[in-house]
Number of protein chains: 2
Amino acid sequence: MSDFPVTATAGYSPHVSKPESASLDFVVDRSSPVPLYYQLALQLESAIEHGRLSPGSLLGNEIELAGRLGLSRPTVRQAIQSLVDKGLLVRRRGIGTQVVHSQIKRPLELSSLYDDLLEAGQSPATRVLRNDTEPSSAEVAAALGLAEGAEVIVIERLRSAHGEPMARLRNYLPPGLLQLETAQLEATGLYRLMRSAGITLHSARQTIGARSATTDEGAQLDECEGAALLTMQRTTYDDTGRAVEYGSHIYRASRYAFDFQLLVRS
Amino acid sequence: MSDFPVTATAGYSPHVSKPESASLDFVVDRSSPVPLYYQLALQLESAIEHGRLSPGSLLGNEIELAGRLGLSRPTVRQAIQSLVDKGLLVRRRGIGTQVVHSQIKRPLELSSLYDDLLEAGQSPATRVLRNDTEPSSAEVAAALGLAEGAEVIVIERLRSAHGEPMARLRNYLPPGLLQLETAQLEATGLYRLMRSAGITLHSARQTIGARSATTDEGAQLDECEGAALLTMQRTTYDDTGRAVEYGSHIYRASRYAFDFQLLVRS
DNA sequence: TAGTGGTCTAGACCACGTT
DNA sequence: ACGTGGTCTAGACCACTAT
């Protein structure tokens, strides 16, 4: 087999109902280190995103697609499956694989407020109010799986956008995991710092609630006492199951809401 | 090959470091209509959940596991992969596949408040306040993809647990999709009714926020005016991309919070 | 160097839904 | 009856990690 890119285009045009994908050029490069199924998945995703594959259109059957690309059917299936898992495609037996009509924006992920604001073009700013250690309370110790009273790193930050305060973030980390400089914390998000320190984030458990602001909280966030606040507690685990961070945050409900997309378990 | 169940047990006991899974009896039944990979996935999941495979333990390599079960490696991989996707297992090249330490409870799913309360043993009750139609507002029309003013079904329910009100749920549905009897709505959740009407729920977009209760809302939910409320707006789509429901709900923050687990995109 | 998961192939048969 | 995706096999080679 060739080691050069293989292009798939429509063959002889039949007279009726050819899948849209038949007119698209998908290319795989066998000399690339990127897996073939992933190359195809990226191209399919891009074609969907840019409207070259319109919502509801059929993808063409897997065997034929595989033949056109010079790939095996399992490889093509792997590419398609990854997009089905993302919610971009739907498979129907006896029918084929279709592009989903509604636009899935992004699945719920472990997002950092910093990244959320960045993405929304809000130019976030962070002021570090605390960066030291203290003996853990019962709540923090339970969340991090430490003994009550064990020393933990405490970080308190005020996050704002457009000069307006948005949230007060309080994080607790087990000691010795990470060196956190105040300057770094003001320049980027906590999760980025953790990832670049080699920590593999794996899962998180979170609770979103609401309550009224105390006088102090109102002063910090530029709200009146009694104003509605969104609250979030989140414990994050790495891939070995260690709790690597516990956060207890408050957000100004008048200026922030949690917004996300999710897929139905099937 | 045999059409009868195949059992895999530990062979001769070696002297050192055998994976725990070697001592477990996994069985596949080739005469069952349940896919082989799924049978194995269920058994692995059960073994993890019941502690027969302890956190951090290795699963044993895929080739050997396949051999013991009389399955091919891709089939075993498919089973393992489904649990990796659920966050129960972690693969490491050169090491093996390990059980994750932390207990993943449940991924975020399109949950109904009714089911949530049921699961928590709270014996939910529903009182239907409205079940009729009205011309859609701009907000509702936009969410459902209808023309403003088009007639929509409106359902308003008060959901309580232990005799205490928990939430006021307002749902809007496009006409002609579903026949909703008040008696059914008081006996079960909306999503169950939609599913049993043959609607395949696919994805949802939701926003969670907070605000203070108005006087009327306070009266409905047994809270004071100005009390903090959690709010949620959710648009649900079926697998053809149609919006099938828009909800605008309020929850007593003093008695309810959203609680869920999520996996990190890798 | 040895062992693991990651990727890939070229077939096969089946279940389901449409026609 | 036909075409689709769903499942499954028995191999292969590669990349990464540990020792």
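First the proteins, then the strands, lettered A, B, ... as listed; each starts at 1.
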Please confirm whether the shortest side-chain N or O distance from B:R92 to OP1 or OP2 of C:dG3 is below 4.0 Å. no
Closest to the 5' end of DNA chain D, once A:G94 and A:P74 are matched to their nearest nucleotides, is A:G94
Which is true for A:L36 with a 4.0 Å heavy-atom rule: it touches a base, it touches only sugar-phosphate, or it touches nothing?
-> sugar-phosphate
* Asked: Distance check: side-chain N/O of A:T75 vs OP1/OP2 of C:dT9, anything under 4.0 Å?
  -> yes
Short side-chain N/O contact to C:dT4 OP1/OP2 from B:N61, under 4.0 Å:
yes
Rounded to whole Å, CG of A:L65 lies from P of C:dT9 at a distance of 13 Å
Is any N or O donor-acceptor pair between the side chain of B:R73 and the base of C:dG6 shorter than 3.5 Å?
yes
With respect to the phosphate group of C:dG5, does any side-chain polar atom (N or O) of B:T97 fall under 4.0 Å of OP1 or OP2? yes
Note: A:D85 and A:L263 closest approach over all heavy atoms is O-CD1, 3.1 Å
query: Going by atom types alone, do A:T200 and A:D238 pair a side-chain donor with an acceptor below 3.5 Å?
result: no
Per atom distances to the A:Y37 side chain, the nearest of C:dG6, D:dG5, C:dT7 is C:dT7
When every non-hydrogen atom of B:V76 is compared with those of B:E62, the smallest separation belongs to CG1-O, 4.2 Å
Testing C:dG6, C:dT4, D:dG5 for proximity to the side chain of A:R77, the answer is D:dG5
Checklist line | Phosphate OP1/OP2 of D:dG6: any A:R91 side-chain N/O under 4.0 Å | finding: yes
Rounding to 0.5 Å, atoms OH (B:Y191) and OG1 (B:T236) come to a distance of 3.0 Å
Comparing A:L71 with A:I95, nearest DNA chain C nucleotide closer to 5' gives the residue A:L71
Query raised in the report: Taking only side-chain nitrogens and oxygens of A:R93, does any of them come within less than 4.0 Å of OP1 or OP2 of D:dT7?
Result: no
What contact category does B:P35 fall into here, base, sugar-phosphate, or nothing, at under 4.0 angstrom with non-hydrogen atoms?
sugar-phosphate
